[in-house]
Amino acid sequence: QVQLVESGGGLVQSGGSLRLSCTASGIIFGISNMGWYRQAPGKERELVARISSGNNINYADSVKGRATASRDNAKNTVYLQMNDLKPEDTAVYYCNSYRYWGQGTQVTVSS
């Protein structure tokens, strides 16, 4: 059974930082491509960052320069460090691997 469990969301002021974590089980993490997505109220889910099994990373233009994705294969965990957060970053952030999704973690940025 595949499980992706996100953590690290919360309420933060504009300009603040958060680090999201996603721990996976039931997959061969070291060879799995991983992704971070987000969905704001009334909007479609969108890609934030994608990190391949070979550690190639792509970011959405909206977070470039403010987000850093990383992975720790020994811990089956992928991270998303978000800095200089803005109110428009407010969303539920989801971890993804192929067809599997986590339950999401809420990030709220107050102005």
K.L.:
Would you compute the distance between atom CE of Met34 and atom SG of Cys95 and round it to the nearest 0.5 angstrom?
P.N.:
3.5 Å
K.L.:
At their closest point, which heavy atom of Ser111 faces which heavy atom of Ser14, and how far apart are they?
P.N.:
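Between these two residues, the closest heavy atoms are CA-CB, 4.2 Å.
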K.L.:
Do Arg66 and Tyr59 meet the cation-pi criteria used here (NZ or CZ under 6.0 Å from the six-membered ring centre, within 45° of the axis)?
P.N.:
no
K.L.:
Kindly work out whether a path of hydrophobic side-chain contacts (I/L/V/M/F/W/Y, heavy atoms less than 4.5 Å apart) joins Ile57 to Val48.
P.N.:
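The answer is yes; both residues are in one hydrophobic cluster.
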K.L.:
Applying side-chain contact (heavy atoms from CB on, under 4.5 Å) between Arg38 and each of Val107, Val63, Thr90, report the one that passes.
P.N.:
Val63
K.L.:
So if you build clusters from Ile, Leu, Val, Met, Phe, Trp, Tyr with side-chain heavy-atom gaps below 4.5 Å, do Leu4 and Val78 land together?
P.N.:
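Yes; tracing contacts between hydrophobic side chains, which count when under 4.5 Å, links both residues.
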K.L.:
Within the 3.5 Å criterion, strictly below it, is a donor on Asn83 or Ser17 matched to an acceptor on the partner's side chain?
P.N.:
yes
K.L.:
For Gln103 versus Val5, what's the shortest heavy-atom pair and its separation?
P.N.:
OE1-CA, 3.8 Å
K.L.:
Is it true that Lys64 and Asp61 make a salt bridge, defined as a side-chain N closer than 4.0 Å to a carboxylate O?
P.N.:
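Yes, this pair counts.
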K.L.:
Show the nearest heavy-atom pair for residues Tyr93 and Glu6, with the distance to one decimal.
P.N.:
O-OE2, 3.9 Å
K.L.:
Walk me through whether Thr77 and Thr23 qualify under side-chain hydrogen bond (donor to acceptor under 3.5 Å, both in side chains).
P.N.:
CA-CA 4 Å; Thr77 299; Thr23 300; 3.0 Å; yes
K.L.:
When hydrophobic residues are tied together by side-chain contacts of less than 4.5 Å, even through go-betweens, does Val92 share a cluster with Val12?
P.N.:
no
K.L.:
How close do Asn33 and Arg71 get, counting heavy atoms only, and between which atoms?
P.N.:
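Looks like CA-NH1, 4.5 Å.
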K.L.:
Quick one, Arg50 with Trp36, criterion side-chain contact (heavy atoms from CB on, under 4.5 Å). Give me CA distance, side-chain angles, the key distance, then yes/no.
P.N.:
CA-CA 6 Å; Arg50 183 186 292 119; Trp36 285 101; over 6 Å; no
K.L.:
Assess, by modelled atom type and distance only, whether the side chains of Arg45 and Tyr37 contain a donor and an acceptor separated by less than 3.5 Å.
P.N.:
no
K.L.:
Please give me the minimum heavy-atom distance between Asp84 and Asp89, naming the atom from each residue.
P.N.:
O-OD2, 4.4 Å
K.L.:
Measuring from atom CG of Asn58 to atom CG of Leu47, what distance do you get when rounded to the nearest 0.5 angstrom?
P.N.:
8.0 Å
K.L.:
Can a side-chain donor-acceptor contact be found between Ser32 and Ser53 if the only test is distance below 3.5 angstrom?
P.N.:
no
K.L.:
Quick check: closest heavy atoms across Phe29 and Ala24, and the distance to 0.1 Å?
P.N.:
CD1-CB, 3.8 Å
K.L.:
Could you grab the distance from atom CH2 of Trp101 to atom CG of Asn96, nearest 0.5 Å is fine?
P.N.:
4.0 Å
K.L.:
Rounded to the nearest 0.5 Å, how far does CD1 of Ile28 lie from CG of Asn73?
P.N.:
12.0 Å
K.L.:
Is any side-chain heavy atom of Pro87 closer than 4.5 Å to a side-chain heavy atom of Ser110?
P.N.:
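No, too far: nothing below the 4.5 Å cut-off.
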K.L.:
Could you tell me the separation between the CE atom of Met82 and the CG atom of Leu20, rounded to the nearest 0.5 Å?
P.N.:
7.5 Å
K.L.:
Rounded to the nearest 0.5 Å, what's the gap from CG on Leu80 to OG on Ser70? Could you check?
P.N.:
8.5 Å
